[in-house]
Structure formats: C-alpha cells, structure tokens
Amino acid sequence: IRQTQNYIHQIEAEQSNILRRTDLEMLKPRGIIVIGNEIDEDKREDLRIINSHLNRIEVLTYSDLRSVGERLIENYNDKQELNEINIGDS
C-alpha cells in the first residue's frame, strides 16, 4: 500500500511535466493493488473494510479485476451493437 501511495505522490509531483510531455491532463491519480485470486467471504469482508479506509487506492483480487474487465468489454460490445442498429436505422 505504501509503495502505491508513493507512486501516486510522484505522479502528482510530476503532473506538470507529464502534461507538457504527453498532453495528458490528470485529475486525481488512483492506484489499484491486485492480490491473490479467489477469497472466502470472511476475507472478502476484511478486504472491504481495508478498502473503506484507503484514499484513492483500491485492493482487488485477480478474479475481481478479471470480472471488472469482462463487464467493461461486455458494456463496450453492447454500445457498439446499439450504434450499429442506430446507424442501420438512418
């Protein structure tokens, strides 16, 4: 967690240099820490409590991260299908 906090701090300290070099404007950088894979309900509750006390850092299991990615892809594909339907109606 401390290493991720350091990364966020470094990014914020270099924000003007990053903007100048990349044209990427950041609002508030966040960190994600990926741990393990499947966890039981007791550990999931522990993880929820830890996350509730962290500022701009989220701790996820690999399986949680994979689920988030799958949902993003599914939402993207659904929007693409809607756009194709709307284009076909024009």
Side-chain angles (χ1 to χ4, degrees):
I1 293 173
R2 184 69 192 139
Q3 184 177 7
T4 304
Q5 290 171 327
N6 287 339
Y7 289 151
I8 291 171
H9 177 75
Q10 288 176 317
I11 288 170
E12 289 176 329
E14 293 293 320
Q15 194 165 2
S16 61
N17 291 331
I18 293 169
L19 176 62
R20 188 169 18 89
R21 288 192 317 244
T22 64
D23 273 345
L24 294 175
E25 188 170 347
M26 293 176 284
L27 298 176
K28 287 194 175 219
R30 295 177 35 139
I32 296 175
I33 299 171
V34 180
I35 60 167
N37 199 6
E38 299 292 330
I39 57 175
D40 62 34
E41 286 305 312
D42 288 337
K43 288 182 181 175
R44 185 162 298 285
E45 178 63 15
D46 292 342
L47 190 57
R48 188 195 65 74
I49 292 168
I50 289 169
N51 279 324
S52 71
H53 289 84
L54 295 175
N55 185 24
R56 296 179 5 204
I57 296 175
E58 185 174 7
V59 181
L60 298 172
T61 65
Y62 175 77
S63 55
D64 291 337
L65 181 63
R66 187 183 66 229
S67 294
V68 168
E70 288 169 351
R71 282 194 308 272
L72 285 171
I73 291 170
E74 186 176 307
N75 286 338
Y76 176 80
N77 288 337
D78 289 347
K79 287 181 182 177
Q80 289 298 102
E81 288 175 15
L82 282 176
N83 285 339
E84 289 173 9
I85 291 170
N86 289 335
I87 291 171
D89 291 341
S90 298

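In what follows, every heavy atom counts, from backbone to side chain, and hydrogens, waters and symmetry copies are set aside.
Annotation: side chain of Lys28 is not in contact with side chain of Asn55 (no heavy-atom distance under 4.5 Å). Looking at heavy atoms from C-beta onward, Ile39 lies out of side-chain contact with Asp46 at the 4.5 angstrom threshold.
Here the closest heavy-atom approach between residue Ile49 and residue His53 is recorded as O-ND1, 2.8 Å. Between Arg56 and Pro29, the shortest heavy-atom contact is NE-O, 3.1 Å. Heavy atoms only, all atoms of each residue included: Thr22 and Ile18 are closest at OG1-O, 2.6 Å.
Summarising the geometry, atom CG belonging to Leu47 is positioned 7.5 Å from atom CG belonging to Leu60; distances are rounded to the nearest 0.5 Å. Interatomic distance, Leu54 CG to Ile33 CD1, rounded to the nearest 0.5 Å: 7.0 Å. Rounded to the nearest 0.5 angstrom, Ser16 OG and Arg21 CZ are separated by 9.5 Å. Considering CD1 of Ile35 and CD1 of Ile50, their distance stands at 7.0 Å, rounded to 0.5 Å. Remark: Leu72 CG to Asn77 CG distance equals 11.0 Å, nearest 0.5 Å.
A salt bridge does not link Glu74 with Arg71: none of the charged nitrogens is closer than 4.0 Å to a carboxylate oxygen.
In this structure, the side-chain contact (heavy atoms from CB on, under 4.5 Å) partners of Gln5, at least two apart in sequence or on a different chain, are Ile1, Arg2, Ile57.
Residue-environment remark: CD (Gln3) stays at or below the threshold of 12 foreign heavy atoms within 6.0 Å. Annotation for Arg66: atom CZ counts as buried by contact number, over 12 foreign heavy atoms lying within 6.0 Å. Glu70 CD: more than 12 foreign heavy atoms inside a 6.0 Å radius.
Between Arg20 and Asn17, the side chains place a donor N or O and an acceptor N or O closer than 3.5 Å (distance only, hydrogens not considered).
The main-chain N or O of Met26 is found under 3.5 Å from a side-chain atom of Gln15 such that the two form a donor-acceptor pair. Proximity of a side-chain donor or acceptor of Asn51 to a complementary backbone N or O of Val59 within less than 3.5 Å is detected.
Follow the hydrophobic side-chain contacts under 4.5 Å out from Ile8 and you never reach Ile32; the two are in separate clusters.
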